[in-house]
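Only one structure is covered here, and it is reproduced in the block below.
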Amino acid sequence: FVKAEKGEGGEDFTTVPAVLDGVRDILSERWAEDAALVQSLREWLWQEGLLQSKLAAGKNEQDPEVAKFRDYHDYDEPIGRVPSHRALAVFRGRQLEILDAKLIAPMAADEKTSLAEGRIAQHLGWSHQGRAADDLLRKCVTWTWRVKLSLSTERDLFTRLREEAEKVAIKVFADNLRDLLLAAPAGAKAVMGLDPGIRTGVKVAVVDATGKLVATHTVYPHEPRKDWDGSIHTLARLIAQHGVQLIAIGNGTASRETDKLAGDVIKHMQKMAAAHAGQALPPIEKIVISEAGASVYSASEYASQELPDVDVSLRGAASIARRLQDPLAELVKIDPKSIGVGQYQHDVNQSELARALDAVVEDCVNGVGVDLNTASAPLLARVSGLSGTVAKSVVRWREQHGAFQNRQQLLEVSGLGPKTFEQSAGFLRIRGGNNPLDMTGVHPETYPVVEQIIVKTGKPIDQIMGRAELLKPLKPEQFATEQFGAITVKDILAELEKPGRDPRPDFKVARFNDGVEDIADLKEGMVLEGTVSNVAAFGAFVDLGVHQDGLVHVSQLANKFVQDAREVVKTGQIVKVKVLEVDVPRKRISLSMKLDAQAARRDGPRDNRYEPAGRDTGRSNGRSASAGARPQPQATTAMASAFEKLKGLQR
């Protein structure tokens with residue numbers, strides 16, 4: 001096959017080595033396209049390969065952005081067992097060119113030859129037996145792996161790892177969003193919303209029991225004006241004038257200072273009430289809540305339609321007040337991705353994320369039900385079967401004709417036909433209408449079944465609803481028809497037993513400790529109360545009111561093995577935690593819900609299992625989203641050593 005001259009295409013077969021190189025290329029190309037071989041290598045490396053990351057050359061470890069990924073500067077873990085958050089952290093570090101990441105295949109005993117080459121040879125049924133061509137074939141196998149398959153396999157497995165990590169991250173976001181939307185509502189109470197600020201002042205908005213904005217103001221208790229007393233008198237006047245029962249404080253910049261201001265206002269009003277009337281003031285509660293997404297709402301088109309004459313800066317305070325009254329009704333006005341309960345939300349497939357979050361919002365809205373006479377257009381648009389256009393038509397009809405008296409009036413709404421009515425009516429509630437069933441989840445098309453129940457019990461519907469002793473003895477099979485089976489009848493009886501029941505929990509308030517306003521105020525051993533702000537598979541983040549969430553690692557959630565943090569806690573839940581460690585420079589707070597837990601020092605080798613790269617809350621309001629690193633859970637020397645041994649075995 002040796003040619004005297006080069007070919008017209010430039011190919012060089014003028015020497016025996018050149019011809020053998022051509023043989024190598026032909027064989028390696030053929031083997032690299034063997035689907036069975038490629039799939040076998042992928043599955044083997046998914047089980048046995050390591051994901052390795054190292055600090056990129058030329059990067060300064062002292063750089064704050066680089067330091068966020070410190071736990072991944074020298075990290076490796078079996079790729080098939082890398083958790084979602086660590087995979088996304090490595091991929092983000094690689095994208096930012098801070099980390100170099102690659103797939104490491106198991107090596108032979110000589111540490112020079114990859115075991116992947118042996119698997120290729122085994123697949124081909126070839127082994128080196130000292131024959132004339134065996135050295136050439138060994139080179140061909142090596143070339144196949146190193147040049148043809150190693151990079152493509154790494155790319156394929158990295159893609160698989162990213163896809164699986166994104167699925168987990170999207171599920172975490174969806175689960176947290178569901179918990180947040182189904183958080184306990186304060187209910188029909190007058191609320192004052194405080195949007196904290198320092199130089200620009202604290203924005204104040206008061207909403208009445210129906211959520212209507214009745215007053216706005218701006219006070220300047222902090223630098224540079226320091227009008228503390230004037231702010232107290234202004235807020236006290238608004239509280240007294242509008243009968244405020246709750247004060248909602250956004251958790252952004254100056255939230256603890258503003259929380260102290262609210263406390264002084266309540267004390268001032270109690271003194272005034274005692275001095276003038278000799279009576280105690282009706283209780284006024286103050287609550288620090290998440291303001292994530294408030295500024296997104298403020299600048300939205302819907303906010304400009306809903307509050308056209310209100311300054312943009314004050315709309316956020318109104319949103320903070322309303323989300324305390326009914327989190328679900330207010331948060332549906334905001335893009336779910338701006339609410340701030342995600343995990344690496346900007347690193348995942350955005351269309352898949354949006355689809356999952358929209359499904360959660362619709363599911364929550366339908367599960368709770370919507371008051372037809374008070375719901376906003378964005379809330380109605382989340383009801384099954386109602387589009388944005390039809391939702392606006394419902395609101396327009398309500399404005400023109402007054403409150404709906406029964407569900408059948410929905411058919412008078414422009415664009416709402418029988419099919420849409422069939423899909424949506426069961427999720428819409430009418431309180432105080434002319435049919436008591438309209439305030440329940442019983443669908444209008446099943447009202448004939450209820451009429452049979454009325455006949456059977458011999459009592460009117462208003463004497464049946466909520467009467468378990470009348471409904472329990474009834475058998476669903478008695479009322480089943482061809483159209484409505486026993487399962488449907490069972491659901492109807494359950495709804496009549498607890499009509500219009502709200503699946504959300506009762507409203508509670510977390511109590512922040514006085515004197516704990518900054519991360520520097522935290523000390524090891526402190527027991528504090530806080531609100532779970534975010535939950536990931538590896539643990540839960542808790543807002544302690546110090547402008548930096550602390551982390552309860554999954555191992556510190558309970559005195560038992562916990563696979564997923566959501567088994568124990570949910571977003572919005574109030575919990576008691578113990579401070580294990582505070583790292584002020586890195587803004588990391590390690591917490592435990594095992595109140596008898598002891599703080600553990602890391603004296604052994606570094607445990608690279610934990611997520612370092614700042615919590616991606618997705619907050620678009622630019623207020624208190626932390627760019628700092630996640631708190632790193634502590635490991636005992638024994639744990640760290642055991643982990644190092646485990647890594648050795650895995651290698």
Side-chain angles (χ1 to χ4, degrees), residues 49-56 59-104 154-155 157-173 176 337 340-350 353 533-541 548-555 564-565 583 586-590 602 606-619 625-635 643 647:
L50 291 179
L51 170 66
Q52 182 187 84
S53 70
K54 292 185 177 295
L55 183 65
K59 294 296 180 181
N60 181 5
E61 292 190 35
Q62 304 306 316
D63 186 317
E65 285 300 310
V66 175
K68 290 180 185 179
F69 296 88
R70 191 175 76 183
D71 292 346
Y72 296 95
H73 291 179
D74 185 15
Y75 159 84
D76 59 63
E77 187 170 4
I79 188 169
R81 294 195 286 275
V82 177
S84 168
H85 58 281
R86 292 207 284 274
L88 293 174
V90 170
F91 288 137
R92 177 186 284 184
R94 186 176 67 157
Q95 183 181 13
L96 295 174
E97 299 181 350
I98 294 173
L99 300 176
D100 288 330
K102 59 183 178 179
L103 176 67
I104 304 297
E154 177 184 91
R155 184 169 58 249
L157 294 189
F158 276 14
T159 300
R160 176 177 173 180
L161 179 61
R162 175 178 282 280
E163 289 175 350
E164 294 193 4
E166 287 185 3
K167 287 179 183 177
V168 173
I170 290 173
K171 183 180 183 299
V172 167
F173 197 160
N176 285 337
K337 289 186 285 188
V341 289
Q343 172 186 324
Y344 288 93
Q345 66 185 64
H346 297 299
D347 296 329
V348 304
N349 185 299
Q350 295 301 296
L353 177 62
S533 59
N534 204 351
V535 180
F538 57 84
F541 292 91
Q548 178 66 44
D549 292 352
L551 173 65
V552 183
H553 186 254
V554 68
S555 63
D564 188 332
D583 186 343
R586 299 179 70 194
K587 294 185 177 180
R588 291 188 174 189
I589 308 166
S590 181
R602 186 200 309 280
R606 178 175 297 279
D607 180 345
N608 287 328
R609 290 175 293 174
Y610 303 116
E611 159 67 36
R615 177 155 71 94
D616 185 356
T617 63
R619 291 179 180 172
S626 168
R630 294 182 191 270
Q632 182 174 340
Q634 299 303 298
F643 183 68
K647 288 204 295 184

#### Entry: Heavy-atom closest pair, residues Ser84 and Ala169
OG-N, 3.7 Å
### Shortest non-hydrogen separation from Lys337 to Leu353 and the atoms involved
CD-CD2, 3.6 Å
### Point-to-point distance, once rounded to the nearest 0.5 Å, from CG of Leu51 to CD of Glu154
9.0 Å
### Task
Let me know which of Asp100, Asp76, Asp74 forms a side-chain hydrogen bond (donor to acceptor under 3.5 Å, both in side chains) with Lys54.
Asp74
#### Entry: Polar side-chain atom of Gln350 near backbone of Gln345 as donor-acceptor pair, under 3.5 Å
yes
### Task
Search all heavy atoms of Glu61 against all heavy atoms of Val66 and return the closest pair with its distance.
CA-CG1, 4.0 Å
#### Entry: Side chain to side chain, Phe173 and Val348, heavy atoms closer than 4.5 Å
no
### Query
Is there side-chain contact between Ser590 and Leu551, with heavy atoms separated by less than 4.5 Å?
no
### Task
Would you give the length of the straight line joining atom CG of Leu157 to atom CZ of Arg162, rounded to the nearest 0.5 angstrom?
14.0 Å
### Query
Does a sphere of radius 6.0 Å around CD in Glu164 hold more than 12 heavy atoms from other residues, nucleotides or ligands, not counting ones at 6.0 Å or beyond?
yes
## Note on the structure
Hits for salt bridge (charged side-chain N to carboxylate O under 4.0 Å, His left out) against Lys167, two or more places apart or cross-chain, chain-then-number order -> none
## Note on the structure
Of all heavy-atom pairs linking Leu99 and Ala89, the shortest is CD1-O, 4.4 Å
## Note on the structure
d(Arg94 CZ, Phe158 CZ) to nearest 0.5 Å is 5.5 Å
### Query
Say you draw a straight line from OG of Ser53 to CG of Asp71; how long is it, rounded to the nearest 0.5 Å?
10.0 Å
### Summary
Shortest non-hydrogen pair, His553 vs Phe538, comes out as CD2-O, 3.3 Å
### Task
Enter the distance from Lys587:NZ to Asp549:CG here, rounded to the nearest 0.5 Å.
12.5 Å
### Task
For Ala565 and Val535, work out which heavy atoms get closest and say how close.
CB-CG1, 3.7 Å
### Task
First locate atom CD of Gln95, then atom CD of Glu97, and finally report the distance between them rounded to the nearest 0.5 Å.
9.5 Å
### Query
Given the side-chain rings of Tyr75 and Tyr72, with only the six-membered ring counted for Trp, is the space between their centroids under 6.0 Å?
yes
